[in-house]
2 protein chains.
Amino acid sequence: MVNSGQAPAKIKYKRMPELVMDQLMDWIMDGTISMGDKLVAEDLASKMGVSRMPVREALKNMEKSGIVESIPYVGTRVVELTMADVKQIYIMRKALEPIAAYYACKNITDERIETLIAVQEQLERVLFEENPDGKEIFVLNREFHFTIYETSQMRHLVNSISNLWDHLAFFKLIYGRKYVTDKDSAKRVVRDHRSFIELLKNRDCKGLQDAVHESLDRLVSGLNESIEDYIHPNK
Amino acid sequence: MVNSGQAPAKIKYKRMPELVMDQLMDWIMDGTISMGDKLVAEDLASKMGVSRMPVREALKNMEKSGIVESIPYVGTRVVELTMADVKQIYIMRKALEPIAAYYACKNITDERIETLIAVQEQLERVLFEENPDGKEIFVLNREFHFTIYETSQMRHLVNSISNLWDHLAFFKLIYGRKYVTDKDSAKRVVRDHRSFIELLKNRDCKGLQDAVHESLDRLVSGLNESIEDYIHPNK
DNA sequence: TAACGGGATATTGTATCCTATTAATGCTGA
DNA sequence: TCAGCATTAATAGGATACAATATCCCGTTA
């Protein structure tokens with residue numbers, strides 16, 4: 001067989017719709033695709049060198065998670081996120097993420113905490129580089145949070161939270177820039193994360209729950225202006 | 001998206017994947033499809049008289065909302081819902097639905113309340129028929145709740161809640177039977193719903209929020225096992 | 001006899017083709 | 001000129017055909 005040697009059973013290769021979706025999300029994050037843009041399956045297909053089919057599946061997936069919306073026989077376009085949408089998503093995040101954190105704390109092992117610390121160290125390294133990469137920061141930040149949330153072993157909950165994060169893809173760019181230019185935000189993130197780790201070490205689950213909620217609160221109030229700028233750029 | 005009116009063979013109003021999914025959900029609810037069953041696209045396609053393509057889309061959708069899971073090149077099977085999953089879903093419902101109710105209350109018009117009352121009257125009629133139809137009860141119950149939630153005008157939130165309800169499809173049957181056989185549950189539902197309506201009329205939004213939460217709490221405590229047992233399995 | 005490997009089979013993933021639907025365009029007639 | 005209908009172009013939806021991959025079975029071999 002082709003697959004001679006090891007790497008048994010657990011190969012998780014990516015299927016094409018996933019790759020297509022990754023590409024689209026990248027384009028969304030780097031601004032190539034903007035809100036409201038029409039996504040024509042055939043154009044994307046030829047641009048990516050695949051047939052229309054995987055593109056269709058990717059779009060269907062993105063529709064299901066609410067990033068794009070499609071009208072039968074008319075087309076698919078990228079959803080226009082309003083300020084109200086963003087607020088709504090943060091309301092949901094504030095409702096769900098503290099719970100995930102709470103149950104994660106109930107379940108976490110010392111070993112898992114070590115993993116988390118490793119991610120955090122990597123994140124801090126990147127954050128305080130001379131020329132940080134916004135996207136890398138966001139990926140690592142996400143990894144940090146989901147390392148916690150996944151520990152809750154509540155797959156439905158984690159899945160929903162993941163969807164919410166995806167919705168904010170448009171703003172990853174902003175976040176990245178903010179952390180790059182605004183060292184205070186970076187320091188605040190570091191402080192928050194470290195306090196999460198401390199609370200986890202002490203198994204202070206209620207404390208962690210509150211801390212996550214507060215952290216999100218601060219995030220919202222901090223980002224109001226920059227989001228407003230992004231939504232109404234020419235104001 | 002209430003499909004008022006006809007529903008003959010050749011409807012062109014709903015797209016086929018949706019019809020396929022409806023059919024599958026029906027089969028899930030009536031026990032034709034059980035948890036763990038393998039769903040072979042081609043079989044389903046021929047059974048429904050369509051090609052594999054709409055079936056694939058339907059399965060993809062259901063996978064996205066977590067009702068089925070698929071392994072590449074192997075197949076799709078219906079997820080096995082454990083009691084822990086159910087508890088988890090209720091935790092999420094308790095986190096989200098009170099919020100939706102709260103914002104619904106903030107937005108609701110007298111007219112909308114009338115609509116709600118109409119649904120409730122219909123539900124009560126069915127509930128206290130001599131031979132109630134479990135499925136009909138559940139459809140009407142869902143309509144009641146979502147008439148409220150949709151009033152919040154928070155599409156992401158409502159969408160997430162809708163997914164959670166879909167997850168419980170397997171248990172709709174059970175619940176339905178419960179309401180049929182156990183008149184006390186039926187009465188409790190009626191009481192809860194009527195109190196929701198009353199709170200809405202008074203625009204007591206915080207009260208409604210709490211009432212929804214408590215109502216869900218009572219539902220959960222009706223379920224035997226504790227979530228703690230699952231989350232800390234070896235205790 | 002048990003373990004390994006190759007091939008048959010089943011089923012999904014992808015490509016291509018055809019059809020249905022919509023929206024835009026243009027023609028006709030008042 | 002404009003309203004209204006017919007026609008057409010563009011594009012999504014659906015069917016079919018083909019490729020890729022995993023699983024299972026069976027024969028070979030130590």
Side-chain angles (χ1 to χ4, degrees), chain A residues 1-24 27 33 36-79, chain B residues 1 3 5-24 27 33-34 36-80:
Chain A
M1 252 207 166
V2 181
N3 184 17
S4 60
Q6 70 260 62
K10 274 297 175 193
I11 320 171
K12 267 198 67 179
Y13 66 95
K14 285 211 172 187
R15 292 180 331 285
M16 223 176 282
E18 257 181 287
L19 295 173
V20 170
M21 194 165 140
D22 287 350
Q23 177 67 79
L24 289 173
W27 281 345
I33 294 176
D37 282 2
K38 190 171 182 192
L39 300 179
V40 178
E42 194 158 336
D43 295 352
L44 297 171
S46 65
K47 225 172 278 181
M48 297 187 195
V50 297
S51 90
R52 240 179 67 212
M53 192 67 54
V55 176
R56 276 167 60 177
E57 286 211 11
L59 291 178
K60 209 86 184 92
N61 277 352
M62 292 170 75
E63 186 188 356
K64 190 68 186 164
S65 42
I67 298 166
V68 305
E69 60 193 352
S70 96
I71 302 168
Y73 294 107
V74 174
T76 303
R77 61 178 53 244
V78 180
V79 151
Chain B
M1 212 203 282
N3 185 12
Q6 81 293 53
K10 274 279 184 176
I11 336 165
K12 303 287 179 119
Y13 294 87
K14 267 195 172 183
R15 268 142 61 244
M16 227 174 282
E18 256 181 290
L19 295 174
V20 171
M21 196 165 141
D22 287 350
Q23 177 66 81
L24 289 174
W27 281 345
I33 294 176
S34 311
D37 282 2
K38 190 170 182 190
L39 299 179
V40 178
E42 195 158 334
D43 294 354
L44 298 171
S46 66
K47 225 171 277 181
M48 297 187 195
V50 297
S51 90
R52 238 179 63 208
M53 194 66 51
V55 176
R56 276 169 52 96
E57 284 207 18
L59 292 178
K60 206 88 186 113
N61 278 353
M62 291 170 76
E63 187 188 354
K64 189 74 184 152
S65 43
I67 298 165
V68 305
E69 61 192 353
S70 93
I71 301 168
Y73 293 108
V74 174
T76 302
R77 62 178 54 246
V78 180
V79 152
E80 307 241 15

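Proteins come first, then strands; the chains are lettered A, B, ... in the order of their sequence lines, and each starts at number 1. Excluded from the calculations below are hydrogen atoms, water molecules and symmetry mates; all remaining heavy atoms, backbone and side chain alike, are included.
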Here's a test of your reading of the structure: between R56(B) and Y73(A), which maps to the more 5' nucleotide of DNA chain C? R56(B)
Proximity to the side chain of V74(B) - top-ranked nucleotide from dT16(D), dA12(D), dA22(D): dA22(D)
Whole Å only: how far is the CD atom of E57(B) from the C1' atom of dT14(C)? 14 Å
Please report the distance, rounded to the nearest Å, between CG in L59(B) and C1' in dT11(C). 13 Å
What integer distance in Å separates K60(B):NZ from dT14(C):C1'? 13 Å
Rounded distance (Å) that lies between atom C1' of dA12(D) and atom CZ of R77(A): 14 Å
Return the nearest nucleotide to the side chain of V50(A); candidates are dA15(C), dT11(D), dG14(D). dA15(C)
One thing to verify: whether E57(B) and K60(B) come together as a salt bridge, which I'm taking to mean a side-chain N less than 4.0 angstrom from a carboxylate O. no
Nearest-Å distance for atom pair CE/P, residues M53(A) and dT11(D): 17 Å
R52(A) CZ to dA15(D) P, straight-line distance once rounded to whole Å: 14 Å
Contact class for L39(B) (heavy atom, under 4.0 Å): base, sugar-phosphate, or nothing? sugar-phosphate
What is the distance from CD1 of I71(B) to C1' of dT12(C), rounded to the nearest Å? 12 Å
Taking D37(B) for its side chain and S34(B) for its backbone only, find out whether a donor-acceptor pair lies under 3.5 Å. yes
Separation of L44(B) atom CG from dT12(C) atom C1', in whole Å? 13 Å
Of the options dT16(C), dA12(D), dT12(C), whose atoms approach the side-chain atoms of S51(A) most closely? dT16(C)
Contact between L44(B) and V20(B) at the side-chain level, heavy atoms closer than 4.5 Å - yes or no? no
Rounded to the nearest 0.5 Å, how far apart are CD of E63(A) and OG1 of T76(A)? 6.5 Å
